[in-house]
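Here the structure comes first, spelled out in structure tokens, and everything after it is commentary.
Naming: A, B, ... by sequence-line order, numbering from 1 per chain.
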Amino acid sequence: MTSLTESADKTVDKSFDDTTVTEAIEVEHTATVARENRETVGEQFVDTARMTCRDVDVYYSDKHAIKNVTLDIGHNEVIAMIGPSGCGKSTFLRCLNRMNDTIDGCRVSGTIEIDGQDIYHKSMDVVPLRAQVGMVFQKPNPFPKSIYENIAYGPRIHGLAQNKAELDEIVERSLERAGLWDEVKDRMEQPGTGLSGGQQQRLCIARTIAVSPEVILMDEPCSALDPIATAKVEELIDELREHYTIAIVTHSMQQAARVSQRTAYFHLGDLIEVGETNQIFTNPRHQLTEDYITGRFG
Amino acid sequence: MSQPLEEGHTIKRFDAELSHIIMLALEMGAMVLNQVRSALDALRNADLSAARQVIDVDYRVNALELQADEEIVSVIARRGPVARDLRLTIGISKALTDMERIGDEAAKIARMTEQMYETEGSQPGKDLKRDIYGMGKLATGLLQEVITAFDMLDADKAQQLALGGTEMDAEFESSLRRIATFIMEDHRTVGHAVDVVIIIKSLERIGDHARNIAEQVVYMVRGTDMRHLENGAKTVPGAARNSPPKHPR
């Protein structure tokens, strides 16, 4: 009896040796980047860049508002910029169509290109630039004119329509893309300011679209809207991605998570981390990003 | 980690809610570890009332699971956890399932103990039971270490435990061979031998569940998903983003 058991034990010992020599499994992991580190973490570059920003610095007089930011914005992507108040996200957004030119004492250095063209070059005319890179603001700001005129104004001054029929078509297409056509088609001559807040914001988006932009910048486009109007604008953003590149600044992290493919986190003028939205919200690599999005900031 | 995983929110109640979920999970871990130990002690001492006790208190493990799950759902619904808060809630939710299964396996061992001593005509032989103790020691040892790693949120230790386990697999194999040998030598042991096989299979499952919990600890702390690595998925998803940028400045 014992002999049988012993021989069984021996075979087992052998098989035990076999299992122990199996290849060791490598598990890679990256440690979280410490709060003190202000180098950008993550994927700043994309394969198909619509806009490229290199070493961008912005000063308001003495204040260093944006510190050496390098970032690509890809074709047909929604990139969200998040961060606490005063982190520079809106300043950075405004650099992308030279809205900062209007601010006294504001200096921008580094290069920002759209489709390879330097937008801060001396020969660059800001009027067509701002058609190419449109902007939607926090509070809806329709012109005090009819709904039709709100949309038709841009194409008219940029000479995008040869005749009334073409202009009508641009107005209709823009309102359709902005998801507003069915709601306003029977009241085109009424003032744009008579629409609800959410409708006004979509009117402003339609107005931006009307001049055939490539990039649409949105600075907290939903902060003055109720949840239903917000949902409509967010749905619109997702649809617009098919034709345009969208950069959106938002205070709502849930909104950034919902609408964007990439997220950039700014902190005191530094671009701290940029990456796929999914990764940022499940496993951010920088401690500051994690502190902010989990509500541990300050 | 400079501070406990759940602390530091501007909203203090969020800290408290996460902390309570962790506490429930640890309580459940300690409870099932105790259940497995009690089941093994009952078997060793042929103590049928102790075995019954293990079966009877399994409902407490189940109740803890329900309570913890309810709190997790509430945190997800009301706080919208992201990043490590999200990983903590999801990781614990998965670990709870494994803990509950461990409790079930402990109850199963207790039921097999009752069967061995009550319904089979004879007492099981000492040699036959020896294999249970070997497996039992490995399973409870592993479970204890995993729960400690969970308590300390020690990802290094958890990773090591999750990748280990070859010793236990080997012990399981060798136990099966020895039991087969016993059956070959004496056919009358077959009834008890089957009971013993079921028990050591339970212990082997407990080891697997413990390793699953260890994997969840690694996920909670580091965000790396290390499940199914042994099945050929050698690179951890998400590890690719650590590679240097493709585009020169």
Side-chain angles (χ1 to χ4, degrees), chain A residues 1-2 4-13 15-32 34-35 40-47 49 52 54-55 70 72 253-254 257 275-276 278-285 287 289-298, chain B residues 1-3 7-11 14-15 79-87 90 127 155 159-160 162-163 165-167 169-171 173-182 184-186 218-219 221-226 229-230 233-236 238-243 245-249:
Chain A
M1 182 168 174
T2 2
L4 258 175
T5 332
E6 269 171 15
S7 73
D9 268 341
K10 267 176 201 153
T11 16
V12 166
D13 284 348
S15 74
F16 183 77
D17 285 345
D18 287 345
T19 34
T20 48
V21 294
T22 50
E23 204 181 327
I25 297 168
E26 295 281 323
V27 181
E28 293 177 50
H29 91 279
T30 325
T32 309
R35 289 187 181 89
T40 306
V41 168
E43 298 146 358
Q44 293 152 276
F45 308 100
V46 297
D47 285 328
T52 55
R54 294 290 178 271
D55 307 309
T70 290
D72 282 353
M253 278 169 286
Q254 277 73 29
E276 280 181 28
N278 225 14
Q279 174 250 315
I280 297 285
F281 284 94
T282 54
N283 195 8
R285 290 183 45 206
Q287 188 65 53
T289 316
E290 182 164 270
D291 287 349
Y292 181 67
I293 65 170
T294 60
R296 289 175 164 92
F297 191 72
Chain B
M1 203 61 34
S2 54
Q3 62 187 355
E7 288 181 5
H9 294 97
T10 306
I11 300 169
F14 192 4
D15 286 3
R79 305 285 180 203
V82 293
R84 71 190 207 212
D85 299 334
L86 177 63
R87 301 200 306 269
I90 297 292
D127 287 342
Q159 177 175 320
Q160 186 199 325
L163 292 177
T166 45
E167 199 188 349
D169 294 342
E171 175 67 21
E173 291 290 317
S174 83
S175 297
L176 286 186
R177 279 164 212 254
R178 275 194 296 268
I179 293 163
T181 314
F182 283 126
M184 280 190 278
E185 284 172 350
D186 183 356
V218 175
Y219 176 70
V221 178
R222 289 184 187 154
T224 34
D225 190 343
M226 50 181 305
L229 283 177
E230 70 279 12
K234 289 261 167 165
T235 47
V236 179
R241 67 169 168 270
N242 303 332
S243 54
K246 283 173 283 184
H247 307 270
R249 285 161 61 108

Of all heavy-atom pairs linking A:Gln254 and B:Gly80, the shortest is NE2-O, 4.3 Å
Note to self: Does A:Asn278, at its CG atom, have more than 12 non-hydrogen atoms belonging to other residues, nucleotides or ligands within less than 6.0 Å?
What the structure shows: no
For B:Asp85 and A:Thr294, the nearest pair of non-hydrogen atoms, with its separation, is OD2-CB, 3.3 Å
Heavy-atom nearest pair, B:Leu86 first then A:Phe281, reads CD2-O, 4.2 Å
Output for pair (B:Arg84 CZ, A:Asp291 CG), nearest 0.5 Å, gives 7.0 Å
Closest non-hydrogen contact found for B:Arg87 with A:Pro284 is NH1-CD, 4.4 Å
Rounding to 0.5 Å, atoms CG (A:Asn283) and OG1 (B:Thr224) come to a distance of 7.5 Å
